[in-house]
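To keep things clear, I will list the structure first and then write my remarks on it.
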Amino acid sequence: MSITLEDVKAALAAVVDPNTNKDFVTSKSVKNIQVDGGNVAFDIELGYPAKSQVAGIRASVVDALRKLPGVDNVSVNVTSKILSHAVQRGLKVMPNVKNIIAVASGKGGVGKSTTAVNLALALAAEGASVGLLDADIYGPSQPMMLGVTGRPQSLDGKTMEPLENHGVQVSSIGFMIDPDEPMVWRGPMVTQALQQLLEQTNWRNLDYLIVDMPPGTGDIQLTLSQKVPVTGAVIVTTPQDIALLDARKGLKMFEKVGIPIVGVVENMSTHICSNCGHVEAIFGQGGGEKMCADFHVDFLGKLPLQLSIREQTDSGTPTVVAEPDGSVAAIYKDIARKVAVKVAEQAKDMSAKFPTIVVKND
């Protein structure tokens, strides 16, 4: 019995990607199907970084194809292709940065910077090219969190090279000032500094640039929403009502300026006793999920209030690199995968498809 192209497509249409919950045919991930007698070869092209998922995806599609009568050999090549996605109206995607993701919170102290750095590291661990922009000009923390010291170099006198550690490119005002020096700047100077950090850093072909935002809804947030091409925003909160009150304001701000909400992360969800292992929801329960239900956005995951997370981040080796196979790193990686999948499902950037029209007077 000879195998047809339609047989292969029908078999693959029955296999669901566990990360997107769509089958590989509907999601248009299947490419270059070739059938030669009993030999079947094809590519699976994912829109998100998936280094840890490749083996499982390959096994699932191979198993489906081998159930077809007459199939002798199945060859599958699983790859990822990260594309640029649409940004706010009137702005263009940066030439060397495909997707900018803002990590924001309505108030300080909810673990936003810790979430941002672990999100960046988790995306890098999955094979993406990732950068981290420390946009908290008044309180830069990413140099310490990533264990990076030194001053950026300029090779052309106009731009500066990002520093790098743990496979992530990083730019921060913290590299240019003394750690004990306060940033006594007014709003216009702060927003100018943010734009310079973003535009004058020589980012090297990033799939994702994670922006660690300062808390609140002030000048930097407004500048980011009006002048920086942002693909989406991740909101970080804790379960208690006072944090959720401010997080809701932050979420509404991004909605008003046309930046899609990728989802919400609930930090410090439960406390795990280091002595007995007792789990207690000291800040309340279900706040993040209720907020997502109210605003019809995705709940990305919840993280525990755990001593090791703070210790690892303070030492410059955040959880995803300190304990890559640990339970907390697994949560961060799951959140990162959800973020990448959500971004991949957004409208693609089509600005490069349209020609630039120049009117000249002869």
side-chain contact (heavy atoms from CB on, under 4.5 Å) against Ala13, all qualifying residues, sequence neighbours excluded
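Ala13 satisfies side-chain contact (heavy atoms from CB on, under 4.5 Å) with Asp23, Val25 once adjacent residues are dropped.
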Could you tell me which residues satisfy side-chain hydrogen bond (donor to acceptor under 3.5 Å, both in side chains) with Glu323, sequence neighbours excluded, listed by chain and number?
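Only Gln312 meet the side-chain hydrogen bond (donor to acceptor under 3.5 Å, both in side chains) criterion with Glu323.
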Do you reckon Leu123 sits in the same ILVMFWY cluster as Leu83, going by side-chain contacts under 4.5 Å, direct or chained?
no
Determine whether Ile259 and Met94 fall in the same hydrophobic cluster, where Ile, Leu, Val, Met, Phe, Trp and Tyr are linked whenever their side-chain heavy atoms lie under 4.5 Å apart.
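Shared cluster, yes.
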Got a donor-acceptor contact below 3.5 angstrom from the [X] side chain to the [Y] backbone?
X      : Y      : answer
Asp7   : Thr4   : yes
Ser129 : Asn205 : yes
Ser171 : Thr201 : no
Lys112 : Met213 : yes
Asn96  : Arg204 : no
Glu126 : Lys333 : no
Asn118 : Thr319 : yes
Lys98  : Ile82  : yes

If I compare all heavy atoms of Leu65 with all of Val71, which pair ends up nearest, and what's the gap?
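Looks like O-CG2, 3.4 Å.
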State, to 0.1 Å, how close Gln196 and Met160 come at their nearest heavy-atom pair, and which atoms those are.
O-CE, 4.5 Å
Does any donor atom in the side chain of Glu266 or Ser269 lie under 3.5 Å from an acceptor atom in the other side chain?
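Yes, because at least one side-chain N or O of Glu266 sits under 3.5 Å from a partner of the opposite role on Ser269.
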Between Asn202 and Thr159, do the side chains contain a donor N or O and an acceptor N or O under 3.5 Å apart?
no
What's the verdict on side-chain hydrogen bond (donor to acceptor under 3.5 Å, both in side chains) for Asp17 and Tyr48, showing C-alpha distance, side-chain angles and the deciding distance?
CA-CA 12 Å; Asp17 182 342; Tyr48 57 93; 2.7 Å; yes
If you round to the nearest 0.5 Å, how far is CD of Gln306 from CG of Leu303?
9.5 Å
Quick check on Asp241: does its CG atom have over 12 non-hydrogen neighbours (other residues, nucleotides or ligands) under 6.0 Å away?
no
side-chain hydrogen bond (donor to acceptor under 3.5 Å, both in side chains), that's the test. Do Ser113 and Asp212 meet it? Break it down for me.
CA-CA 6 Å; Ser113 294; Asp212 179 15; 2.7 Å; yes
List the residues meeting salt bridge (Lys or Arg N to Asp or Glu O under 4.0 Å) with Arg310, not counting sequence neighbours, and say none if there are none.
Asp314
